[in-house]
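Below is one structure, written out as structure tokens; the observations come after it.
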Amino acid sequence: MRLQNPEARIENCSICNANCIICPREKMTRPKMIMTNKHFARLVNQAKDLGTETISIFGFGEPLIDKDVVWKVQYCSTLGLDTFITTNASLLNVDMGYDLISAGLTHIRFSCHGIENNFNKVHKGLKWDAVSRNISNFVAMNRIKFNSATIVSVSVIPMHRESVYEMRQFWEKKVDYLEIWKPHNWGDAMDYRKGESVKQTCFRPFTGPLQINADGTVMVCCFDFDASMVVGCTHSQSLEEIIKGTWFRDVRDRHRRRDFKGLPCESCDQLYEYAKAENPLLYSNRDKERKIGVTSSTKFCLECN
């Protein structure tokens, strides 16, 4: 079999060094750990055999906490796979940046939900001065020493009423891509987005990226932060067995029937997007049409079947 979506997300680390107000990490009960290199490599090999083209090496933690993250990027590169990382940049010193680019990192995305003091209010535990310096050093090194080998993007959620214009003025000339989003609920964990209850699939069980947690469990989508809808475990099953398995098949069947009762999908804010709700993407110079139902990583259309 071959995956419809060319991206596989493998959470190398579920540990974080920040306590951001937009993130429900305090509600997360699943294991906080780092995936071993051996298990990561086995998963990458399987994903490649299933047609994966991009390995996103991050999840619900800060990926650079993993001391072997460069090795993981390099391993994917040797197999001809693209790599994608989302980071808060707090640990991205010059040496780390140099090693990541040298390892073949295809795309790095910084989560910066505010500027200066507003950043500090959102990203509790981090400091704007250090983070902005790390980003500036990485951008300069990437352009000057590596001829912009790595794509650089920034994801912004303006939590203190910053305007789209303000965010564009600050970021757009510094990076390749900028996306400005409204805050979301991580399913139903937060209360930022309001919408009516809907009975329509989000398409993620069918065409969403393969989502593997640091402990080896597989869940249906990245918004299920506490893995309440696990469909298999890669320590005892292959990826193909999980995808074809009873649990995953049941979720897909439920979505086809629009029967979400008892699933976390029942109250998930991501389904609002398919009920003519207001577009959560405020601005993007990468996806100028701001298409609903397109992943923020590889821009794969979830509605394609």
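Note that the numbering runs from 1 along the sequence shown for the chain.
Rounded to the nearest 0.5 Å, atoms CG (N213) and CZ (F225) are 12.0 Å apart. If you take CZ on F146 and CD1 on I101, they are separated by 5.0 Å, rounding to the nearest 0.5 Å.
With hydrogens and angles ignored, the 3.5 Å screen pairs a side-chain donor or acceptor of H235 with a backbone N or O of D215. Between the K27 side chain and the A189 main chain, a donor and an acceptor come within less than 3.5 Å of each other. With hydrogens and angles ignored, the 3.5 Å screen pairs a side-chain donor or acceptor of S14 with a backbone N or O of M33.
Defined by atom type and a distance below 3.5 Å, a donor-acceptor pair is present between the side-chain atoms of K72 and N37. A donor atom on one side chain and an acceptor atom on the other are not found under 3.5 Å apart for E172 and Y177.
The existence of a salt bridge linking R161 and E166 is excluded, since no basic side-chain nitrogen approaches an acidic carboxylate oxygen closer than 4.0 Å. Salt-bridge formation is detected for the pair R30/E11: a Lys NZ or Arg NE/NH1/NH2 atom is positioned less than 4.0 Å from an Asp or Glu carboxylate oxygen. Ion pairing between a basic and an acidic side chain is recognised when a charged N comes within 4.0 Å of a carboxylate O; R290 and D287 show no such pairing.
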*asked:* Could you walk me through whether H107 and T83 satisfy the side chain to side chain donor-acceptor pair (under 3.5 Å) test, starting with their C-alpha distance in whole Å, then the side-chain angles of each, then the deciding distance to 0.1 Å, before giving a yes or no?
replied: CA-CA 6 Å; H107 189 167; T83 47; over 6 Å; no
*Can you list the steps and then say if F170 with W128 is a ring-ring contact (aromatic ring centres under 6.0 Å, His included)?*
CA-CA 14 Å; F170 184 86; W128 169 254; 5.7 Å; yes
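Using a 4.5 Å cut-off between side-chain heavy atoms of Ile, Leu, Val, Met, Phe, Trp and Tyr, with links allowed through other members, V251 and F203 fall into different hydrophobic clusters. Put simply, L91 and M35 are part of the same group of oily side chains (I, L, V, M, F, W, Y) that touch within less than 4.5 Å, one to the next. Both L100 and Y98 are part of a single hydrophobic cluster, where members link through side-chain heavy atoms under 4.5 Å apart.
Side-chain contact between T54 and P6 is absent, with no heavy-atom pair separated by less than 4.5 Å. Side-chain contact between H184 and Q270: present, with at least one pair of heavy atoms (C-beta onward) separated by less than 4.5 Å.
In this structure, W186 and F223 have tilted ring planes: the angle between them lies in the 30° to 60° band.
Considering only residues two or more places apart in sequence or on other chains, D259 meets the salt bridge (Lys or Arg N to Asp or Glu O under 4.0 Å) condition with R254, R257.
Geometric assessment of R252 against the ring of F248 yields a positive cation-pi assignment under the 6.0 Å and 45° thresholds.
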